[in-house]
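So the structure is just underneath, and the comments pick up after that.
These figures come from a predicted structure and were not determined experimentally.
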Amino acid sequence: MPAVFAALKGMPDLVSPETDRRRALVDAFATAAGRAGYGEVQSPLLEDLGVFLRVGEATDVVTKEMYDFVDKDGTRIALRPEFTASLMRMFVEHPPATLPWKVWTTGPAFRHENPQAGRYRQFFQLDLEAVGAADPDVDVEVIAVAHDFFRSLGLTQVSLKLNSLGDESSREPFMAALRTHFDANRDGLSEQSRITLEKNPLRVLDSKRDYDQAVISSAPQMIDFLSAQTAAHFERVQQGLRAVGIAFTLESRLVRGLDYYTHTLFEFGADALVSSQNAIGGGGHYDNLVEQLGGPSTPGIGFGLGIDRILLACDAEGVFGAPPRMVAVFVVDTTGGSSAVALTHELRRAGIGAERSFDGRSMKAQFKAADRSGAAIALVVGSNEEADGTVVVRDLRASDQVVVPRSDVLAEVQRRLVANPLRLP
Ligand code: AMP
């Protein structure tokens, strides 16, 4: 016997009904984004490695976790570890006629991480970006789309953390103050954080290691370094969020793993999940990303949400289960002729979900399958009915049945489904 293969570590297979639930989740997101004027875009899974290197040089996501390889023609390419860099490459390559460019996308992203609950090597994100308007109201709009989406799933325990990273003029003195603080307290930092400090003192704030926490909690805070202009931007964002009724907490140590953010930064947490997996998404404003990729100086803001984690949060809150199946009718056939195939297809062509058994199963086995399918109605074709030109219509919910002429079956099924509709997605 040949050896069997297993899916790669951290790359789960997904099957129905989980896949149905994921599709419904993406639909809910498309609705929330579409209502706010965002259109779907799709970028390739693979990009020139440079796209990601250019925007995330000092980040673990890019330096340690990216799947990159040399293509057959010698080009260095990478599987996307996130969406924003790809979408900015798209923006620069095909400049939109009007701004802001308001787009969303979804699909798999890849990071070579240590797999655990809620952390995979292939995971799925929803991403939304608004590019080309600096107005703080755009920040509010973007956050509100995510908020509305979470609500539409039925999630109630999602918290929003908010920070401002300032602009370049306010960030330089902050970085200098951070470096002085961390240098003076090197002994209180872990080995890894000391290495991070050499590259980017800001990222030390992102450390989740217990050993670092005392030094981090006494570090200078960005909020004290904001220029008048960035402080005003941040104040407007907060006012806007209050105006639309979105609660948030200010979190001055929030920095997030990617380096390109300026101004507003935010993260959504699922309070129903344990802290190691409760980050369900986040994002922020960026001023330099488009320019870094060779485009004109253009502000933008966006977020990435983790579909896998959001579904864990839904499980924890007991909301947004798999949508009901589409099968309304089950055709039971004991004749072995072509009646079942004809009847099943007639129903499907009329827009009614219909299933049947194969391989000449017993009547009992077929009724069991009918129950499992979730169908509301069973249509029974036996040799007597075939001889009479009739079909038995059995209502599986009411457990009554009638015999109707073959030519009236469709109308009878439609009448019953209208009178007592299935909760179809
Ligand atoms: P990030 O770009 O790292 O901020 O990721 C945005 C969101 O994607 C996170 O908040 C998570 O919900 C999700 N996410 C990131 N990495 C993974 C992963 N390895 N497995 C599952 N979800 C992830």
Side-chain angles (χ1 to χ4, degrees), residues 1-31 40 42 44-46 67 79-81 83 104-127 149-150 152-155 270 272-274 276-278 280-281 304-331 344-345 347-348 351-359 361 365-376 378 396 422-425:
M1 288 265 274
V4 280
F5 291 105
L8 296 176
K9 197 173 156 190
M11 305 210 172
D13 291 318
L14 299 167
V15 296
S16 178
E18 179 63 12
T19 42
D20 306 326
R21 194 181 179 209
R22 285 171 179 251
R23 186 144 37 83
L25 181 134
V26 172
D27 285 348
F29 187 76
T31 302
E40 185 178 358
Q42 284 180 10
L45 268 69
L46 292 162
Y67 283 88
L79 276 165
R80 64 182 175 213
F83 286 83
W104 69 271
T105 191
T106 187
F110 303 85
R111 294 182 192 173
H112 197 276
E113 301 198 77
N114 270 335
Q116 49 180 281
R119 186 171 299 283
Y120 312 102
R121 290 183 173 171
Q122 172 170 299
F123 60 100
F124 292 79
Q125 280 195 340
L126 297 158
D127 187 282
F149 161 62
F150 291 136
S152 75
L153 301 180
L155 288 171
L273 294 177
V274 294
S276 60
Q277 46 176 262
N278 72 357
I280 54 173
L305 309 179
I307 291 181
D308 314 85
R309 300 251 182 105
I310 294 170
L311 287 171
L312 290 175
C314 290
D315 291 340
E317 287 202 36
V319 298
F320 203 71
R325 297 196 52 190
M326 299 280 290
V327 172
V329 178
F330 200 96
V331 177
T344 310
H345 284 273
L347 291 160
R348 290 176 186 166
I352 296 168
E355 258 282 46
R356 53 164 294 198
S357 293
F358 297 101
D359 291 335
R361 315 276 307 275
Q366 291 190 50
F367 269 108
K368 258 197 185 151
D371 276 341
R372 267 200 310 272
S373 76
L396 294 172
L422 270 189
R423 266 196 329 110
L424 292 180

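Annotation for Pro12 and Gln122: closest pair CD-O, 4.0 Å, computed over non-hydrogen atoms. Nearest approach of Phe149 to Leu25, heavy atoms of both residues: CE1-O, 3.5 Å. Scanning both residues, Ile352 and Ala328, for their nearest heavy atoms gives CG2-CB, 4.1 Å. Closest approach of Ala270 and Ile280 over heavy atoms only: CB-CG2, 3.8 Å. When all heavy atoms are compared, the tightest approach of Leu153 to Ala28 is CD2-CB, 4.0 Å. Between Ala316 and Leu273, the closest heavy-atom pair is CB-CD2, 4.0 Å.
For residues 367-376, no pair satisfies side chain to side chain donor-acceptor pair (under 3.5 Å), with sequence neighbours left out. For residues 307-319, the pairs satisfying salt bridge (charged side-chain N to carboxylate O under 4.0 Å, His left out) are Arg21-Asp315, Arg22-Asp308, with sequence neighbours left out. Sorted by first and then second residue, the salt bridge (charged side-chain N to carboxylate O under 4.0 Å, His left out) pairs with a member in residues 1-16 form an empty list; sequence neighbours excluded.
A search for ring pair (Phe, Tyr, Trp, His ring centres under 6.0 Å) contacts involving Phe330 returns nothing, not counting sequence neighbours. Under the salt bridge (Lys or Arg N to Asp or Glu O under 4.0 Å) criterion, Asp20 pairs with Arg23, sequence neighbours left out. Judged as a side chain to side chain contact (heavy atoms under 4.5 Å, CB included), and not counting sequence neighbours, the contacts of Ala30 are Trp104. Looking at residues two or more places apart in sequence or on another chain, you find no ring pair (Phe, Tyr, Trp, His ring centres under 6.0 Å) involving His345. Among residues two or more places apart in sequence or in another chain, the ring pair (Phe, Tyr, Trp, His ring centres under 6.0 Å) test is passed with Phe83 by none. With sequence neighbours left out, the salt bridge (Lys or Arg N to Asp or Glu O under 4.0 Å) criterion links Arg361 to no other residue. Looking at residues two or more places apart in sequence or on another chain, you find a side chain to side chain contact (heavy atoms under 4.5 Å, CB included) between Val274 and Ser276, Gln277.
In this structure, the side chains of Phe29 and Ile307 stay at 4.5 Å or more apart for every pair of heavy atoms. Inter-residue side-chain proximity for Leu14 and Phe124 is flagged as met; some heavy-atom pair is nearer than 4.5 Å.
Here Leu305 contributes atom CG and Ile310 contributes atom CD1; the two are 4.5 Å apart, rounded to the nearest 0.5 Å.
Without hydrogens or angle criteria, Arg111 side chain to Pro81 main chain gives a donor-acceptor distance under 3.5 Å. Side-chain atoms of Arg80 come within 3.5 Å of backbone atoms of Pro108 as a donor-acceptor pair (strictly under, hydrogens ignored).
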Original post:
Would Leu155 and Phe320 satisfy side-chain contact (heavy atoms from CB on, under 4.5 Å), going step by step from the backbone distance to the final call?
Top reply: CA-CA 8 Å; Leu155 288 171; Phe320 203 71; over 6 Å; no

**OP:** Go through the steps to decide whether Leu79 and Leu46 satisfy the test side-chain contact (heavy atoms from CB on, under 4.5 Å), and finish with yes or no.
**Re:** CA-CA 5 Å; Leu79 276 165; Leu46 292 162; 3.9 Å; yes

